**Student:** 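Pasting in a structure now, in structure tokens, and then I'll have a few things to ask.
Treat the numbers as computed from the prediction; the structure is a model and nothing was measured. Only this structure's heavy atoms are used, side chains among them; waters, hydrogens and symmetry mates stay out. Every chain is numbered from 1 and lettered A, B, ... according to where its sequence line falls, protein lines coming before strand lines.
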Amino acid sequence: MIACGALAGNVREIAARRGWLVEVQPLPALLHNRPHDIAREAERLAGRALDRGQRAVLAYADCGTYGALDEVCSRLGLARLGGLHCYDVLAGADNMAKLFEAEPGTYVLTDFLVRGFRRAVLAELGLDRYPELWPDYFRHYRRLVWLAQHREPSLEREAQRIAEMFGLPLAVIETGTARLEAELERLVAQAVGRGGPGQDPGRMTRSLAWAAGPARAAGATGPAGAGGGAR
Amino acid sequence: MTPQELLKQLYDDTLVGNGPAVLELTHTGLAMNLGPEALLYEALIPALEEVGARFERGDFFVPEMLIAGKAMAGALEVLRPLLAETGAESIGTVVMGTVKGDVHDIGKNLVNIMFEGAGFQVIDLGVQVAPEKFVDAVREHSPDIIGFSAFLTTTMPMFKANINALAKAGLRDQVIVMVGGAPVTQEYADVVGADGYAADASAAVVRAKELLQRRRRAALPA
Ligand code: B12
């Protein structure tokens with residue numbers, strides 16, 4: 001499972017809890033600022049896994065590659081997460097569309113971005129070296145929305161600090177990780193279905209059960225209880 | 001400092017986005033009787049072209065591009081009235097804007113700077129520009145070119161919406177439509193029925209001049 005660094009923590013947690021026998025290989029989240037490199041790097045890692053006889057899936061949305069990841073998927077026969085970016089994966093594409101429609105000047109945060117704002121945003125955009133560029137980047141924003149996977153006091157304080165930096169109101173939407181989990185489940189089923197013993201849907205479920213592995217699956221939440229958001 | 005040394009220094013300082021130095025050198029250059037065109041074409045524009053090339057190669061990222069653009073914009077403020085005085089006629093008028101729903105404007109602003117440097121008159125409508133506003137601007141300014149910028153997959157379809165709005169207002173044939181932004185490709189520009197696309201600010205100027213020339217030639221009586 002080749003995962004965007006911004007999602008890899010959640011992906012690992014879900015895979016472990018579900019007992020999936022997957023190796024999570026994260027790519028640096030900062031590649032988002034150079035989306036051309038995402039497709040190239042994902043293709044390199046996936047190619048390597050396939051060469052070793054493993055199955056591979058991409059725990060990536062389109063992520064600003066503007067279709068380049070889809071080309072990798074169709075070349076190598078891989079599946080990826082639905083949606084344009086991790087906001088779609090976490091909050092649902094329709095909900096994101098509504099958010100941006102209600103206020104295009106919405107700056108979106110996830111737990112990852114809240115935690116790593118200084119490095120992933122401030123440093124990457126050069127705001128640590130050139131603080132005077134702040135208005136060039138952010139003058140059109142009107143509000144911040146934190147899509148919270150795990151709403152914890154420390155993150156909450158940090159999100160609040162970021163909102164103060166912007167001088168903008170902060171709204172919190174608790175997305176949890178249920179949608180991500182459902183998407184990952186689809187990827188795993190697809191990979192197992194494709195490369196596994198059977199291609200028909202009935203056997204795919206059994207293959208998935210096999211992929212879950214009896215020992216690790218113990219104590220895991222079943223598909224019906226894929227409620228990461230409740231955690 | 002010789003004029004050559006000054007131009008070299010102005011080029012170097014623009015490249016690294018040293019705004020105050022660029023401003024000072026611009027004034028010094030003018031005081032040395034280097035014309036505004038020389039400062040523009042022999043230092044500022046080549047520097048910004050090099051910035052674009054370095055960005056393309058991955059040697060520069062957005063902040064470097066921004067500070068260089070801002071340094072050049074500062075110099076343009078000084079040169080603009082002088083260029084107007086020398087009677088250098090505007091080679092065309094461009095209306096530019098980031099489409100509705102999108103607030104990315106760094107790319108657009110760089111295109112504006114290069115257009116202005118190349119002698120176009122630029123009217124910037126800002127960000128989140130609705131189709132009606134583009135239509136109004138075409139009515140008001142009768143530009144030669146209208147440029148739409150978009151950086152999100154979800155806002156690219158606004159190109160088509162803008163073009164439809166122009167067509168509905170009976171203005172589509174009066175203006176050259178150019179589109180650009182990170183997700184945009186020549187194929188996408190063709191699909192939405194734009195007249196031109198460019199991947200960066202320097203290419204945008206070249207393409208704009210080509211399109212303008214073609215249109216003006218076509219307008220000449222046979
Ligand atoms: C800087 C940046 C930002 C800044 C924007 C600041 C500003 N004032 O513009 C900030 C941090 C604020 C930001 C916010 C967001 N961003 Co942003 N951003 C970027 C980033 C890193 C660079 C874009 C940029 O400015 N490049 C610099 C310019 C100079 O480069 P350029 O594209 O080569 O520009 C040239 C051409 O495009 C061309 N050109 C441009 N316009 C035009 C017009 C015409 C007519 C022509 C001919 C040519 C032309 O000339 C330009 C100059 O050479 C990109 C990733 C990337 N590397 O592209 C993501 C990216 C565009 N952003 C993205 C996203 C998702 C967002 C947010 C939703 C994120 C959030 N956390 O909320 C918000 C958007 C909110 C909104 N409603 O718009 C995604 C888009 C994904 C998608 N599928 O749509 C990207 C691709 C990142 C990613 N990998 O996910 N972003």
**Student:** Which bit of V127(B) is near chain A, if near means a heavy-atom gap under 4.5 Å: side chain, backbone, both or neither?
**Tutor:** side chain

**Student:** For L133(A), which of V62(B), I106(B), L66(B) qualifies under side-chain contact (heavy atoms from CB on, under 4.5 Å)?
**Tutor:** L66(B)

**Student:** Using distance alone, with no hydrogens and no angle check, list the donor-acceptor pairs under 3.5 Å between chain B and chain A.
**Tutor:**
from	atom 1	to	atom 2	distance (Å)
E64(B)	OE2	R129(A)	NH1	3.3
K70(B)	NZ	D136(A)	OD1	3.2
K70(B)	NZ	D136(A)	OD2	2.7
D105(B)	OD2	H140(A)	NE2	2.8
F151(B)	O	Y66(A)	OH	2.7

**Student:** Please indicate whether E210(B) has more than 12 foreign heavy atoms, meaning atoms of other residues, nucleotides or ligands, lying under 6.0 Å from its CD.
**Tutor:** yes

**Student:** Looking at V103(B) and G105(A), what are the two nearest heavy atoms and their distance?
**Tutor:** CG1-CA, 4.4 Å

